[in-house]
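In what follows, a structure is listed as C-alpha cells, so that the remarks can point back to it.
The chains referred to below are lettered A, B, ... by the order of the sequence lines, with proteins before strands, and numbering in each begins at 1.
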Amino acid sequence: MPPGQCNHRALTFLTRGPHMSRYDPASIEPRWQEAWDAQAVFRADRAEDRPKYYVLEMFPYPSGRIHMGHVRNYAMGDVVARYKAAQGFSVLHPMGWDAFGMPAENAAMDQGGHPRDWTYGNIDDMRAQMKPLGLSIDWSREFATCDPEYYGQQQAMFLDFLEAGLVYRKNAVVNWDPVDMTVLANEQVIDGKGWRSGVEVERRELTQWFFRISDYAEELLEALDGLHDWPEKVRLMQRNWIGKSRGLQFAFTTSGAPEGFDRLEVYSTRPDTLLGATFAAISPDHPLARHLERHDPAVAEFVAECRRTGTSEEALEKAEKRGLDTGITVLHPFDNSVELPVYIANFILMDYGTGAIFGCPAHDQRDFEFATKYGLPIPPVFVAEGADEAELSEAYVPPKTEKVRYIRGFAGQEVQTGEAAVDAAIEFCEAQGVGHGVTRFRLRDWGLSRQRYWGCPIPVVHCATCGVVPEKKKNLPVALPYDEDGKPIDFSIPGNPLDRHPSWKHCACPKCGGEARRETDTMDTFVDSSWYYARFTAPRATTPTDRAEAEYWMNVDQYIGGVEHAILHLLYSRFFARAMVKTGHLPEKAKEPFSALFTQGMVTHEIYMTRDAKGRPVYHLPEAVGEGRLKDSGEAVTVIPSQKMSKSKKNVVDPVNIIGDFGADTARWFILSDSPPERDVEWTAAGAEAAHKHLSRVWRLADELRGTTGTPGNDDADLALEKAVHRAIEEVTKGVDGFAFNKSIAALYALTNTVMKSDASAPARARAMRVMAQLMAPMVPHLAEEVWSMLGGEGLVARAPWPKADPALLVDDTVTLPIQINGKRRSEIAVARDAAKEEVEKLVLADDAVRRVLDGRAPRKLIVVPGRIVNVVI
RNA sequence: GCGGGCGUGGUGAAACUGGUAAACACAAAGGACUUAAAAUCCUUCGCCGUCAUAGGCUUGCGGGUUCAAGUCCCGCCGCCCGCACCA
C-alpha cells in the first residue's frame, strides 16, 4: 500500500497501540482453513455406524469468476453441511464443474485458444476464488464433466441405456445458420436471425438421438406426490410440464385432399365441444402440409414463413395467429352435410397430439381469435348455468369443474361439469365408432444430440455394412481430439470441428472391423448434470458408480439451487436416476435422487447509469460510484432499482473484492442475513459494512473475556443470560431446520445485544459466547473457531456437537395478554402462564380500559384464547 | 401466448395453526467520548394528528367471510422465473 493511502481500518489499528488488537479476518481465516485441512475435517467417510447426510449445491458452470449468486448458494449449503455434521451425521458435501457447453466454444471463436484450455483455466481460477470462502467441501472428490474419466463413464452408461432400449434415433428440426454453417441454440436466434451472421435462420431436419423420457411420463408424474420436501411450486410446474391429458382422438374424412390423405387424425381434450367446431387446422409441419407445400406455391410460401419463427414454443405462441385455407374440407363425424374448412395454422404444434385439431372458437381463446380473423362462425356449445345463448366477445372458458348448460351437447346431462361432459363425449364417440379415448402427455422425448465440439461424444459408429453400431466399452472413452494436423483445433473456421477433423471420425467398425465413421454429434450438457450427484459418491470409480458407495450415500438429502432449474434439469435428473436404476448403476432407492430440494432467490444490486453524448445508457460498476456520483468525474448517476446482478448492467460485486476488504465471514454473514433464502437478496455496500461491524463486535466481546476462568453463578443476571442463551439455541436451530437462516441470524444479533448489556459474571458471559460460537459456526466458521479457541473451547468448533436447548429455560412464568375491544387492541394484562380462563376473565373485566368502555354493562361476548389474546365484544 | 411464483415502514425483513403488525437489522436524526475526525456507545424512528395525551389510518388495489384477516375466499394491478439447443 503506497504511503498516504492507508485506509481507515489500518489507521484504527495503529492508533490503538501495540497491546490492543482487533478483528482481523485476513489473519484468522487462512489459519483456520489450514487447521481444517490438516485434520481433514471435511473428508466424507463412509461410517456405517453413523447416519449419513448428503448436501449438494447445483455445481457451477466454470465461467471464470465466481459471483454473489454462487456465494449465496454455497453459503447456504455450507450452513446445512456444518450443522448436520455438528448433529453427528457423516456428511458428504462435494463440489465439481459443469464444464461442457457453448461459452467455451464461443470464447475460442471470439478470442482464439482452445475450449479445453479456457475451461480448465477457468476452473483453476474459480477454485482459487472459492477456497477463501472456507466452505466445508470435500475437495478430494472434485471433478469436471469435461474430464475424460467422467464423460467416458457417461458414454458407458449411454451404451447401457441403448441396450436397455432407453435411447433411439429419429428426425427432429433444428435452427440452421446457413452462413456460419452451424446449428443454433434457441438463445442464439434473435428475431428469427442468427446472432452472429444476422441472416435468417432455416429449419433443418436431422437424425438425432433421443432418450425415451416420455415412457416415464406417468411415473415421473405420480412420483411427484412422494416428494414432500420439494417446494410445492416446483412439483406443480413439473406436473404441468408433463401435462397428462385425457381426450378423444378420431379421424375426419376429408374431401378434396390429395391421395393418401383421405383421413385426418385429430386429438382434442374437449370432445364435448365437437358440435361447436367450425374449422380444422394442421401444423405447418404436418405431413399433409408438407405434401401440399410441394405442389402449391401459395402453401409453400405460407409454410416457409411459418418456419421462420424459430423453433421455440415461446416464439410460436407469441406470434400472431395466422392461417391459410387449404381448400380441403373435412366432414363432421356426426353430420356429413356439415363441412369444415382445413387451415394450415402457425400455432398448431406438430409435437403435441397428432399435429391437427378441430377448432371450437366459442370455447378456446386462440380458436376464437382465429375464427374472428378469418370470418368463421362462433356457435357456443354451452352457456353459464342459468344464462341464455348470446353473442360472445371472447371465448367462454370456465373451469372444467364448473357446471354449465349444454345447448349443443350430444352426450351426458344437459347441465353438467366440463369434466363429466368430456367423459360422456368420449364414451358416446367410442360407442358410435368415432375414435377412441386417449391419454396423452405434453412431455416429449429428450433430444440429446448436439452438433458441437465441446461436449461428450456420442459413442456410436456408422458403418456402411453394419449400420449404427455402439462403440465397445473397452474403447471408451471416445475422447475429444485436441489437435488437428498437429496444431490445436482452430475454432475460427465455421462448422463442427469434429466433423471436419482430418482423422478423428475415421475408425474401425466395432462389429465387422471395416472402415467406419464416428458419430460427430456430442451430448446435450443436461446429460452431464443429470448424474453428477451419483458420481460424487465414488468419483474415481472405474465404473460409472460404485454399488456400495451409492448404497451408503444416496440419496441427496438436501439439494440447493436456483428455481430456473425447476423443470428441465430436475426432471431430466429424475429420469436419469430411473434409467440408472434400470441399468444397474444405482440402487432402487435412488430413483428419486433428491430427497429434499430448496430453491434459493437471486442476488440483486442497484444499477448505476449515465448517458453518453448520444443519449445511450452507460452503466457503471458499484465500486466506481459513491454518494450518487461517479468517483472519478463527479457526474451524477441515475439509480435504477435492484435487478439480478449481470455483467451487461455492471451491477455486479465481485466476491473476491468483498473477501479482500472484509473477509469471507462478512460476505457469508451478510448474504445469509437480510432476506429469506427463497427470496431475492439485495446486495448493498452498507449492509456488508454493517455485517462486518457486527462480527467485529462479537470478536471484541470474546476478546474482553479472553482467559476467563471460574464457573457461572446462580444470581439473577447469570440465570437471565442462561435463559437468553437457550432461547437463542432454540431459535437458531429452528431457523436452520426451516431453511430460514435470516431468522437464525436475527436470533444471534439479539443474543449479542443481550450479552453486551448483561450484568452477568465473566464466566457466565464466556459460557454464553462459547455457545454463540457454536451457533455461529455454520454461518461464519472462521470467526466461530477464533472465538471458541479464545474462550477455551475444546478442539475445533467444527467438530463440537450442536448445543441443545433446555425446555425448562424456554418458558416464562407470566405472559402478557393483549386485550382487544371489538377487535382493536386497547390494553393488556399480565397473567400467570397457566392461569384459568375464569381468572383471566375476571382480570379483564377489572381492567381500567375495559371498565371505562363497558361503563357498568356486561360485554356481548368475551373471547379468551389462553396464552394469546382476549377480545371483548360490545 | 401458456405454466409457476412473489408483493408488509425510507430500505432488507419478522409475525408459530386466523389471535398485540413491524422482532432483528440498514439508512436517517439527535446525543456522549474526542483538540478534531474515525471507531465505539446511548436515544429516537410506520403514517396522519397533538405541546403532550387521546385518537385515526396502515401489509400492491377493490370486494367478501370472521369476535378477530398480512394470513382464508373472489376479482384486478405490478414485478420475476420457465417454455424443451443458455447453464
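The P atoms of B:U66 and B:C61 are separated by 23 Å, rounded to the nearest whole Å. Remark: the separation of the P atoms in B:A14 and B:A22 is 15 Å, to the nearest Å. When the C1' atom is compared between B:U20 and B:A68, the two are found 12 Å apart, to the nearest whole Å. Comparing the same atom, P, in B:C41 and in B:G46 gives a spacing of 22 Å after rounding to whole Å. Spacing between B:G5 and B:G12 at atom P, rounded to whole Å, works out to 23 Å. Distance noted for atom P between B:U11 and B:C48: 14 Å (whole Å).
The nucleotide whose nearest atom lies closest to any side-chain atom of A:Asn742 is, among B:G56, B:C83, B:A13, B:A13. Proximity note for A:Tyr572 (side chain, C-beta onward) versus B:C85, B:A13, B:C67: the nearest is B:C85. When each of B:U40, B:C24, B:G1 is scored by its nearest atom to the side-chain atoms of A:Tyr749, the top-ranked nucleotide is B:C24. Distance from the side chain of A:Pro676 is smallest for B:A13 among the nucleotides B:C81, B:A84, B:A13. Out of B:A23, B:U20, B:C26, the shortest distance to the side chain of A:Ile869 is found at B:U20. Considering only side-chain atoms of A:Ala686, the nucleotide from B:A13, B:C41, B:C26 that sits closest is B:C26. For A:Met602, counting side-chain heavy atoms from C-beta on, the closest listed nucleotide (B:C80, B:C86, B:U20) is B:C80. Taking only side-chain atoms of A:Asn753, from C-beta outward, the nucleotide of B:C24, B:G7, B:G3 with the closest atom is B:C24. Which of B:G12, B:C83, B:G4 sits closest to the side chain of A:Glu314 comes down to B:C83. Nearest nucleotide to the side chain of A:Lys693, out of B:U40, B:C24, B:C83: B:U40.
The distance between atom CD1 of A:Ile607 and atom C1' of B:C79, rounded to the nearest whole Å, is 14 Å. Atom P of nucleotide B:G3 and atom CD of A:Glu564 are separated by 22 Å, given to the nearest angstrom. If you measure from atom CG of A:Leu568 to atom C1' of B:A84, you get 5 Å, rounded to the nearest angstrom. In this structure, A:Leu695 places its CG atom 19 Å from P of B:C24, rounding to the nearest Å. In this structure, CD of A:Glu317 is placed 10 Å from P of B:G3, rounded to the nearest angstrom. Going from atom CG of A:Leu570 over to atom C1' of B:A87 covers 13 Å, rounded to whole Å. Atom CD of A:Glu320 and atom P of B:C2 are 16 Å apart (whole Å). Here B:C24 presents its P atom at 16 Å from NZ of A:Lys734, a figure rounded to the nearest Å.
Here A:Lys170 pairs with A:Tyr168, A:Phe210 under the side-chain contact (heavy atoms from CB on, under 4.5 Å) rule; sequence neighbours left out. Residues satisfying the ring-ring contact (aromatic ring centres under 6.0 Å, His included) test with A:Phe670, not counting sequence neighbours, are A:Trp683.
No contact: A:Ile745 has no heavy atom under 4.0 Å from any strand. Counting non-hydrogen atoms under 4.0 angstrom, A:Ser63 reaches nothing in the nucleic acid. Among the atoms of the strands shown, only primed sugar atoms or phosphate atoms (P, OP1, OP2) are found under 4.0 Å from some heavy atom of A:Asp98. Here A:Val174 lies in heavy-atom contact (under 4.0 Å) with a base. Residue contacts shown for A:His569 are absent, as no nucleic acid heavy atom lies under 4.0 Å away. Within the 4.0 angstrom heavy-atom criterion, no nucleotide atom of any strand lies near A:Asn175. Counting non-hydrogen atoms under 4.0 angstrom, A:Val183 reaches a base of the nucleic acid. As judged by a 4.0 angstrom heavy-atom cut-off over every strand, A:Trp446 is placed among residues making no nucleic acid contact. Residue A:Ile863 is in base contact, counting any heavy-atom pair closer than 4.0 Å across all strands shown. Nucleic acid contact for A:Lys318: base, since at least one base atom lies under 4.0 Å from a heavy atom of the residue. Contacts of A:Phe347 with the nucleic acid, taken as non-hydrogen atoms under 4.0 Å apart, are absent. A:Gln208 comes within contact range of at least one nucleobase, with a heavy-atom separation under 4.0 Å.
A donor-acceptor pair is defined here as one N or O able to donate and one able to accept, closer than 3.5 Å; no such pair exists between the side chain of A:Asn171 and the backbone of A:Glu205.
In summary, A:Arg196 and A:Asp110 engage in a salt bridge, as defined by a charged side-chain N under 4.0 Å from a carboxylate O.
For B:A13, one of the phosphate oxygens OP1 or OP2 lies less than 4.0 angstrom from a side-chain nitrogen or oxygen of A:Ser675. Applying the 4.0 Å criterion to OP1 and OP2 of B:C85, one finds that A:Arg203 has every side-chain N and O outside that range. Within the 4.0 Å cut-off from OP1 or OP2 of B:G56, at least one side-chain nitrogen or oxygen of A:Arg826 is found. A:Arg239 has no side-chain polar atom (N or O) that falls below the 4.0 Å cut-off from OP1 or OP2 of B:G4. Between A:Lys824 and B:C57 there is a side-chain polar atom (N or O) within less than 4.0 angstrom of OP1 or OP2. Contact annotation: A:Arg366 does not reach the phosphate of B:G1 (side-chain N/O to OP1 or OP2, under 4.0 Å). For A:Asn871 and B:A68, the shortest distance from a side-chain N or O to OP1 or OP2 is not below 4.0 Å.
Map A:Glu678 and A:Met756 each onto its nearest nucleotide of RNA chain B; the residue landing nearer the 5' end is A:Glu678. Comparing A:Arg697 and A:Asn822 by the nucleotide of RNA chain B whose heavy atom lies nearest to each, the residue mapping closer to the 5' end is A:Arg697.
Aromatic ring centres of A:Phe576 and A:Phe211 lie closer together than 6.0 Å. A ring-centre distance under 6.0 Å is not found for A:Trp97 and A:Tyr532. Close placement of the A:Phe739 and A:Phe741 rings is indicated, their centers lying within 6.0 Å of each other. The ring of A:Phe59 has its center no closer than 6.0 angstrom to the ring center of A:Tyr533.
Counting non-hydrogen atoms of other residues, nucleotides and ligands closer than 6.0 Å to CE of A:Met109 gives a total above 12.
Between the side chain of A:Gln188 and the base of B:C85, no donor-acceptor pair under 3.5 Å is found. At a cut-off of 3.5 angstrom, counting only N and O atoms as typed in the model, there is no donor on one side facing an acceptor on the other between the side-chain of A:Arg860 and the base of B:C67.
The nearest pair of heavy atoms linking A:Glu187 to A:Ile190 is O-CG1, 4.3 Å. For A:Met779 against A:Ser744, the heavy-atom pair with the smallest separation is CE-CB, 3.7 Å.
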| What's the verdict on salt bridge (Lys or Arg N to Asp or Glu O under 4.0 Å) for A:Glu689 and A:Lys693, showing C-alpha distance, side-chain angles and the deciding distance? | CA-CA 6 Å; A:Glu689 273 162 38; A:Lys693 279 185 198 169; 5.7 Å; no
| note | RNA chain B in dot-bracket form (Watson-Crick or G-U pairs under 3.5 Å, [ ] crossing, | inter-strand) is (((((((..(((......[....))).(((((.......))))).(((......)))..(((((..]....))))))))))))....
